[in-house]
Amino acid sequence: MDKFKFNINTKCNETKARTGTIVTPNGTVKTPIFMPVGTLASVKYVSPEELTDIEAGIILSNTYHLWLRPGEDIIKEAGGLHRFMNVKRPILTDSGGFQVFSLSSMRKITEEGVAFRNHLNGDALFLTPEKSIQIQNDLGADIIMSFDECPAYPATYEYMKESVDRTLRWAKRGKDAHKNPNQALFGIVQGGEFSDLREYSARKTVEMDFDGYSIGGTSVGESKPVMFKMIQDTVPFLPEDKPRYLMGVGTVDAILDGISQGVDMFDCVLPTRIARHGTAMTTIGRINIRNQQYDRDFTPLDPGCDCIACKNYTRAYLRHLIKNKEGLGMRLLSIHNLRFLIKLTQNAQEAIEEGRFKAFKDEMFERFGFNKGNTKGY
RNA sequence: GGAGGGGUAGCGAAGUGGUUAAACGCGGCUGACUGUAACUCAGCUCCCUACGGGUUCGGGGGUUCAAAUCCCUCCCCCUCCA
């Protein structure tokens with residue numbers, strides 16, 4: 001794979017944080033980075049133009065969901081995901097591995113792959129590592145993921161061992177099936193909460209030589225300390241010169257902790273989902289805009305934010321929109337939450353570059369009370 | 001003037017002698033949400049000194065061990081015919 005590059009720019013000398021640059025055929029982004037999720041080739045309620053405004057770098061999309069609708073053939077015919085969506089920035093597609101977790105009630109795992117029951121119409125589906133890669137080749141994202149099993153938490157050691165081995169075999173099969181040299185392929189480390197399995201999974205995955213590595217199996221129900229330890233048990237076994245991606249994590253505490261441990265990329269549906277349901281992540285903490293206390297609050301949602309929702313609208317108005325399930329309200333809050341997390345990682349980059357990341361992280365933990373009771377993480 | 005229908009918690013609407021502080025929906029309040037089956041889900045919503053107590057089903061009066069439910073009376077609303 002030649003068009004994909006990762007360079008480290010600055011390293012923090014108090015933590016393992018670093019800043020870097022990811023170069024892809026569709027653009028270059030700085031890390032650490034938060035990546036908005038657009039499962040169905042759309043970051044719900046947010047247009048690509050608005051994503052540009054809030055300086056979103058990479059965005060995600062999903063193999064499983066696009067496979068079902070509209071079908072990867074249609075997206076290929078459209079000229080790939082970028083043209084289909086009119087997105088002129090790097091795109092990353094998840095492999096469908098997360099659906100092994102989220103759609104666990106309607107799937108069966110076998111060595112060959114995963115038999116799903118189509119959640120839309122009940123059809124029998126079969127997703128294999130090779131199929132996932134083929135779909136992702138057709139979708140044409142800049143970064144694609146190995147098809148893995150994201151196991152639920154908690155899992156027994158025996159089950160996890162079996163799962164890790166299977167995911168390793170799937171990773172190998174996927175890598176062998178990967179045909180497009182313009183797409184970077186990432187491997188995914190699993191192992192749950194078991195330190196030795198994390199190390200084992202990491203070492204074996206790294207042996208296969210991927211373009212980047214993910215820490216998978218996080219935010220599936222475990223506590224924060226457990227998650228932080230999963231990161232700790234994985235990163236040391238990942239190569240320094242390849243990007244590290246903590247999958248599915250989007251709380252302030254976990255992003256900052258991840259960065260301090262040397263993670264470069266994060267993605268999460270949390271900011272957009274909670275936005276649609278009325279919760280804002282702000283520089284002064286969590287705000288549930290549905291709460292009655294905001295009905296006559298004509299101040300900005302987050303005084304410390306530069307997004308259009310905060311610059312142009314009041315809490316009272318946003319509350320009114322959300323209470324009435326108006327699309328505009330969901331859109332404005334989504335834009336705000338995404339901007340908030342993107343800005344957080346930009347601030348982290350700046351802090352790393354200026355040699356004050358540790359202080360920055362500590363200040364944020366203090367401000368949000370992550371060390372004293374705020375386990376929510378934002 | 002005549003005939004008929006109806007008044008139940010913020011609203012709509014069940015219930016027509018006991019298991020009813022009263023279904024259900026809406027509205028209201030609160031919470032949840034982490035590689036998106038999610039404009040979703042959960043709880044609370046008569047009052048209180050609240051694992052117990054106090055008052056409710058238009059008003060008043062009866063029958064009954066027991067009434068939102070049966071009887072009497074008054075008030076109010078709606079429809080149709082004059």
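First the proteins, then the strands, lettered A, B, ... as listed; each starts at 1.
- Nucleotide B:U79: paired with B:A3 (Watson-Crick or G-U wobble, both distances less than 3.5 Å).
- When the C1' atom is used for both B:U73 and B:C24, the distance is 34 Å, rounded to whole Å.
- Taking 4.5 Å as the limit, every side-chain heavy atom of A:E193 sits out of range of all side-chain heavy atoms of A:E222.
- Going from the C1' atom of B:U30 to that of B:G18 covers 36 Å, rounded to whole Å.
- Taking the six-membered ring where tryptophan is involved, the planes of A:Y313 and A:Y317 are essentially parallel, since the angle between them stays under 30° and well short of 60°.
- The line from CG of A:L341 to CD1 of A:I255 is 4.5 Å long, rounded to the nearest 0.5 Å.
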Between the protein and nucleotides 25-28 of chain B, which nitrogen or oxygen pairs are less than 3.5 angstrom apart?
none

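- Taking the C1' atom of each, B:C65 and B:C11 are spaced 37 Å apart, rounded to whole Å.
- B:A13 and B:G4: their P atoms are spaced 23 Å apart (whole Å).
- Pairing partner, B:A9: none, since no Watson-Crick or wobble contact has both distances short of 3.5 Å.
- Side-chain contact check for A:R319 and A:Q293: no donor-acceptor pair (N or O, by modelled atom type) lies under 3.5 Å.
- Of the nucleotides present, none pairs with B:A66 by Watson-Crick or G-U wobble criteria with both distances under 3.5 Å.
- A:Q134 and A:K131 share a donor-acceptor pair across their side chains, judged by distance under 3.5 Å alone.
- No continuous path of ILVMFWY side-chain contacts below 4.5 Å connects A:I215 to A:F101, so the two sit in separate hydrophobic clusters.
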Using a 4.0 Å heavy-atom cut-off, write out nucleotides 31-37 of chain B from 5' to 3' as B (base contacted by protein), S (sugar-phosphate only) or - (no contact).
BBBBBBB
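- Separating the P atom of B:G31 from that of B:G35 is a span of 22 Å, rounded to the nearest Å.
- Geometrically, A:R286 engages A:Y378 in a cation-pi contact defined by less than 6.0 Å to the ring centre and at most 45° from the axis.
- Separation of the P atoms belonging to B:G25 and B:A14 is 15 Å when rounded to the nearest angstrom.
- B:C71 and B:G17: their C1' atoms are spaced 13 Å apart (whole Å).
- No side-chain donor-acceptor contact under 3.5 Å links A:Q136 and A:Q183.
- Across every strand in view, B:U40 sits in a pair with B:A32 that passes the Watson-Crick or G-U test at under 3.5 angstrom.
- Remark: B:G52 base-pairs with B:C48. Criterion, Watson-Crick or G-U wobble with two distances under 3.5 Å.
- For the P atoms, the distance linking B:U16 with B:G54 amounts to 27 Å, nearest Å.
- The closest side-chain donor-acceptor pair between A:T10 and A:E353, if any, does not fall under 3.5 angstrom.
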